[in-house]
Amino acid sequence: MTDEDATRLAEELEGLRARVEALEARAARGVAGAIGPEQPADEDAAPEDDVFWALNGLRARLDEAGPEAGAEAGAVMLLGSVTLPAGPVEWQYGTPAGPLLQEDWSDRVTALAALSHPVRLELLRQVLHGVETTAALTELEGLGTTGQLHHHLRQLIAGGWLRQRGRGRYEVPPERVVPLLVCLMGVRPA
C-alpha cells in the first residue's frame, strides 16, 4: 500500500467516523430532538417520513435566498393550522434570526407579561373554545370578580392577545392564535 493510498483510506475512514457519530447523536436525541447543522436533510426520505419537513423547507429557502437576505444566523418560523369553534386558522411567519437576535426586546414585555397570570391564560383558552362574551366569562368558576375579570381582559387586549368585537365580545386575533399555541407548546413540561 502506498502512502497516497493510506492517506486516502484514512480520510475516508475519518469521514465515515464523523457520519456514524452524527447518526448516533441524532438517535440519542430521539426523533423529536433538535437537528443540528451536522445532520442535513434526508434527501431520500419519503415526505411522510421526513420529521423535519418544515425545518428542511426553511433551510432550502435560506439557501435560495443567499446571504444578501440577511439570514446568515439562520431563521425562525412559526406555522400552524388550527380548527376552532369560530372557524379554521392557518398561519405562518418566518424571519431571519440575525436581526431578531440583535434588536431590542423590551417592546415585547407587555405582550409576554399579559400571559403571565393563570386567569389570563384561562380566559384565552375559554375564548378559543368559543366563550366570547363578558357575561359568559363571568359565569365561569375561578376567574374572580367582574372587576378582576375586566382587569385581566384589559391586560390581554393591551398585550395584543385579545381584541374586542363589539361591546362585551372578545376574540383572539387570528394572527395571534398560532403564536399563542407555540408559546404554550414551548413551555410545556417535558
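- Remark: side-chain polar atoms of R120 are paired, donor with acceptor, to backbone N or O of A113 under 3.5 angstrom.
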Exercise for the section: Please lay out, stage by stage, how T134 and H150 fare under the test side-chain contact (heavy atoms from CB on, under 4.5 Å). Expected result: CA-CA 8 Å; T134 305; H150 282 285; 3.6 Å; yes
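- A donor-acceptor contact shorter than 3.5 Å links the side chain of Q148 to the backbone of T145.
- A salt bridge links R125 with E122: the closest approach of a Lys/Arg side-chain nitrogen to an acidic carboxylate oxygen falls below 4.0 angstrom.
- Heavy atoms only, all atoms of each residue included: A136 and V131 are closest at CB-CG1, 3.6 Å.
- Using a 4.5 Å cut-off between side-chain heavy atoms of Ile, Leu, Val, Met, Phe, Trp and Tyr, with links allowed through other members, L79 and L184 fall into different hydrophobic clusters.
- From H151, atom NE2 reaches atom OG1 of T146 across 14.5 Å, with rounding to the nearest 0.5 Å.
- Linking Ile, Leu, Val, Met, Phe, Trp and Tyr residues whenever their side-chain heavy atoms come within less than 4.5 Å leaves L58 and Y93 in two separate clusters.
- Smallest separation of non-hydrogen atoms from D104 and S106: OD2-OG, 2.8 Å.
- Under the 4.5 Å side-chain heavy-atom criterion for grouping Ile, Leu, Val, Met, Phe, Trp and Tyr, V182 is not connected to V51 through any hydrophobic cluster.
- With rounding to the nearest 0.5 angstrom, the CZ atom of R59 is 4.5 Å from the CG atom of L55.
- Nearest heavy atom pair, residue V127 against residue V172, reads CG1-N, 3.8 Å.
- The two residues V89 and P174 have their closest heavy-atom pair at CG1-O, 3.5 Å.
- In plain terms, the two heavy atoms of A111 and G159 that are nearest each other are CB-O, 3.4 Å.
- A distance-only check finds no donor-acceptor pair linking the side chain of W161 to the backbone of R176 [under 3.5 Å].
- W91 places a side-chain heavy atom less than 4.5 Å from the side chain of P179.
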Practice task
Before giving the answer on side-chain contact (heavy atoms from CB on, under 4.5 Å), spell out for L181 and V177 the whole-Å C-alpha distance, their side-chain angles and the decisive distance to 0.1 Å.
Solution key: CA-CA 6 Å; L181 296 176; V177 171; 4.1 Å; yes
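- At most 12 non-hydrogen atoms from other residues, nucleotides or ligands lie less than 6.0 angstrom from CD of E4.
- Residues T138 and L143 fail the side-chain proximity criterion, which asks for heavy atoms closer than 4.5 Å.
- Hydrophobic cluster of V187: no remaining members, since no ILVMFWY side chain lies below 4.5 Å from it.
- Heavy-atom contacts from other residues, nucleotides or ligands closer than 6.0 Å to CG of D3 number 12 or fewer.
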Practice task
Kindly determine whether R165 and Y170 satisfy side-chain contact (heavy atoms from CB on, under 4.5 Å), including the steps that lead there.
Solution key: CA-CA 6 Å; R165 286 187 354 196; Y170 299 91; over 6 Å; no
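- Here the closest heavy-atom approach between residue L123 and residue H152 is recorded as CD1-CB, 3.6 Å.
- Side-chain atoms of T2 and T7, non-hydrogen and from C-beta on, never get closer than 4.5 Å to each other.
- In this structure, CD in Q155 is found 11.0 Å from CG in L115, a value given to the nearest 0.5 Å.
- Connection of L153 to L140 is established within a shared hydrophobic cluster, with ILVMFWY side chains joined at heavy-atom distances below 4.5 Å, either directly or through further cluster members.
- Hydrophobic clustering of Ile, Leu, Val, Met, Phe, Trp and Tyr side chains at less than 4.5 Å, counting indirect connections, keeps V76 apart from L101.
- In this structure, R61 places its CZ atom where only 12 or fewer heavy-atom neighbours from other residues, nucleotides or ligands lie under 6.0 Å away.
- The shortest side-chain heavy-atom distance between R108 and E103 falls under the 4.5 Å cut-off.
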Problem - Worked check of side-chain contact (heavy atoms from CB on, under 4.5 Å) between Q92 and L78 - result: CA-CA 5 Å; Q92 77 175 32; L78 301 172; over 6 Å; no
